[in-house]
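Reviewing the structure listed below.
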Amino acid sequence: SKTSTMGRLTLWGFGTDFTSQKWLSLDPCGILCVSLSISIHLFALFALGFTMISHYLLSQILYALLYVPFSALALASLFMATTTDPGAVPMGARPIPANLASESDSIVTERDTVRGGLRRRRGIRRCRKCNDNYKPPRAHHDSVTGRCVVKMDHYCPWVCNAVGIMNHKFFILFILYTFLTAVVSLALILIKFIRCGISVQPSNNVSQDVNKTLQYVVDSYYEGHQQQQQQYANMFLNSSEQTKPGCDAMMNSDSMIIFTLLVIVTILFFFFTCCMLIEQGEAVDTNMSKIARMKTRAGLSNADEYRPVATEFNEVFGGEHPTLSWHWFLPLPVRFPEWARDNVLGYEYNSTFPPVPYQEPSDTDAESAASSVSLGRMSVTSDRDLGDVESDIENVYVGGGVTVDQDSSSVKKRSTTASMT
């Protein structure tokens, strides 16, 4: 059966819901795009094998030793990028104990589902779209998969998945190996052109050229299709009496269609993946996702909020060292040191936790810690003058009459006590 909740789909155990057994985005556009990605790779693999490498040893070596392995690695990376949980926060995840006090004391802006509008409160971050599940500091909600994803970079339809902390490596490898297949494909196409020397050969006698053309038209009408293709090839290939082995197939109408499509696809993917690699290089270098870099540059977030949790390893590729390593180039699962895994993900979780949103301890409850809001009179008891307190607190009304405490952090620092009468 198929169910859908806030973008979270599940079908026969596959999906992105909290209860899905296997991760797989069921977004129709993403499924179409990832199918196209696979089809293009398979098309190029067989097109090159049938049209570009016959009867020439150098092309066969390049195809067997470079193109086939690169294509296999690209498809394996695509499979991993599509089927790997990108770092979705599970239901029941909890703040890391060491960070609980600071997170519970932070100011959170959220919608008031009862009275409408917005409100600010003290407490841990929660995602309303994920049923008020805990939202780690470096997580962002993806509307396509319907889940909060740690270090989300973006949603990519070409891999039919959100790109996050656990599959960012596979996304980069998919781009890298697709780029390398395009490079080898361009090399094989160039070798074919050079070897066969395809060009229009100039004639010494214009009338002979005209007669040949007219004769070809007449013969094409009355004689077999295959024989005329051979005559046409002999007229325009740079060989005196006979074409080189493997070159005559270039003038076959079916082969020319495949060859033309191959050239177009190769050039498009070469430039597209080249630009993507340059853009993703910044993510590897800074250990920050695209969303984090955009929010930081726009001044919407502090850079410290998205900084790497450690310098002993690279957060995109995992491992034990921050420098280039062999496992960076293989589509193997990303693993972090045990001592750093929870800090990287930003939450604590194991299978024994109940599948319900985490509830904060009563002494850190956000509502009890937030400043009081009233339509009546507010009385304040403090070691300071009432006028000093009022200068720190300003209540405004948003939406359906919901009060927003704009500077409740200053109240907490000065230990004021507010009561409603």
Side-chain angles (χ1 to χ4, degrees), residues 5-8 15-20 23 25 27 81 84-111 121-156 159 161-171 283 286-298 300-310 314-316 318 334 336 340-350 353 355-360 366:
T5 305
M6 297 293 290
R8 297 183 292 274
T16 60
D17 193 43
F18 291 108
T19 59
S20 299
W23 181 273
S25 175
D27 172 51
T84 299
D85 184 337
V89 181
M91 177 59 71
R94 304 176 179 179
I96 299 174
N99 301 336
L100 179 58
S102 60
E103 289 196 41
S104 298
D105 205 35
S106 60
I107 303 300
V108 179
T109 302
E110 62 183 12
R111 291 187 180 275
R121 64 171 178 84
R122 291 190 188 279
I124 63 173
R125 298 174 69 211
R126 296 183 182 276
C127 179
R128 181 177 57 87
K129 297 180 180 179
C130 290
N131 302 332
D132 285 333
N133 193 34
Y134 170 61
K135 186 177 183 180
R138 299 194 298 174
H140 299 278
H141 186 85
D142 173 39
S143 59
V144 180
T145 60
R147 297 288 293 275
C148 286
V149 178
V150 177
K151 286 194 69 177
M152 178 180 169
D153 193 80
H154 66 290
Y155 178 88
C156 179
V159 300
N161 203 357
V163 177
I165 184 75
M166 301 306 294
N167 71 341
H168 201 162
K169 167 188 175 180
F170 306 129
F171 174 73
T286 62
N287 270 320
M288 294 176 64
S289 66
K290 180 188 296 184
I291 293 179
R293 298 196 303 271
M294 292 174 61
K295 293 180 70 173
T296 301
R297 289 169 182 168
L300 300 177
S301 298
N302 192 331
D304 292 339
E305 182 180 353
Y306 298 104
R307 70 181 186 276
V309 299
N314 186 280
E315 289 189 359
V316 174
V334 177
F336 300 105
R341 179 177 175 81
D342 287 351
N343 286 324
V344 171
L345 297 178
Y347 62 83
E348 183 183 51
Y349 179 80
N350 63 59
F353 291 177
V356 295
Y358 168 75
Q359 298 299 321
E360 302 166 83

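Hydrogens, waters and symmetry mates are skipped; everything else that's a heavy atom, side chains included, is used. Please read these numbers as outputs of a predicted model, since none were measured by experiment.
Residue His140 holds its NE2 atom at 12.5 Å from NZ of Lys290, rounded to the nearest 0.5 Å. Rounded to the nearest 0.5 Å, atoms CD1 (Ile96) and CG (Asn343) are 4.5 Å apart. Annotation: the span from Met91 atom CE to Asn131 atom CG amounts to 4.5 Å, rounded to 0.5 Å. For the atom pair NE2 (His141) and CE (Met152), the distance works out to 9.0 Å, reported to the nearest 0.5 Å.
Considering only heavy atoms from C-beta on, Pro357 stays 4.5 Å or farther from Tyr134 through its side chain. Within the 4.5 Å cutoff, side-chain heavy atoms of Val344 are placed close to those of Arg138. Proximity of Ile124 to Tyr358: side-chain heavy atoms (C-beta onward) are separated by under 4.5 Å at one or more points. Between Thr84 and Phe171 there is no side-chain heavy-atom pair separated by less than 4.5 Å.
Ion pairing between Lys169 and Glu315 fails under the 4.0 Å rule for side-chain N and carboxylate O.
When the side chain to side chain contact (heavy atoms under 4.5 Å, CB included) test is applied to Phe353, the partners found at least two apart in sequence or on another chain are Arg94, Glu348, Tyr349, Asn350. Under the rule for a side-chain hydrogen bond (donor to acceptor under 3.5 Å, both in side chains), Asn167 has no partner lying at least two apart in sequence or in another chain. Partners of Asn314 by side-chain hydrogen bond (donor to acceptor under 3.5 Å, both in side chains), not counting sequence neighbours: none found. With sequence neighbours excluded, no residue forms a ring-ring contact (aromatic ring centres under 6.0 Å, His included) with Phe18. Among residues two or more places apart in sequence or in another chain, the side chain to side chain contact (heavy atoms under 4.5 Å, CB included) test is passed with Asp27 by Ser25, Cys29, Val144, Tyr155.
Residues Val149 and Pro86 share a closest heavy-atom pair of CG1-O, 3.7 Å.
With 3.5 Å as the limit, one finds a donor-acceptor pair spanning the side chains of Asp142 and Thr145.
Judged purely by atom type and a 3.5 angstrom limit, Asn133 has no side-chain atom pairing as donor or acceptor with the backbone of Arg126.
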Intermediate values then yes/no, side-chain contact (heavy atoms from CB on, under 4.5 Å), Trp23 and Thr16: CA-CA 6 Å; Trp23 181 273; Thr16 60; 3.6 Å; yes
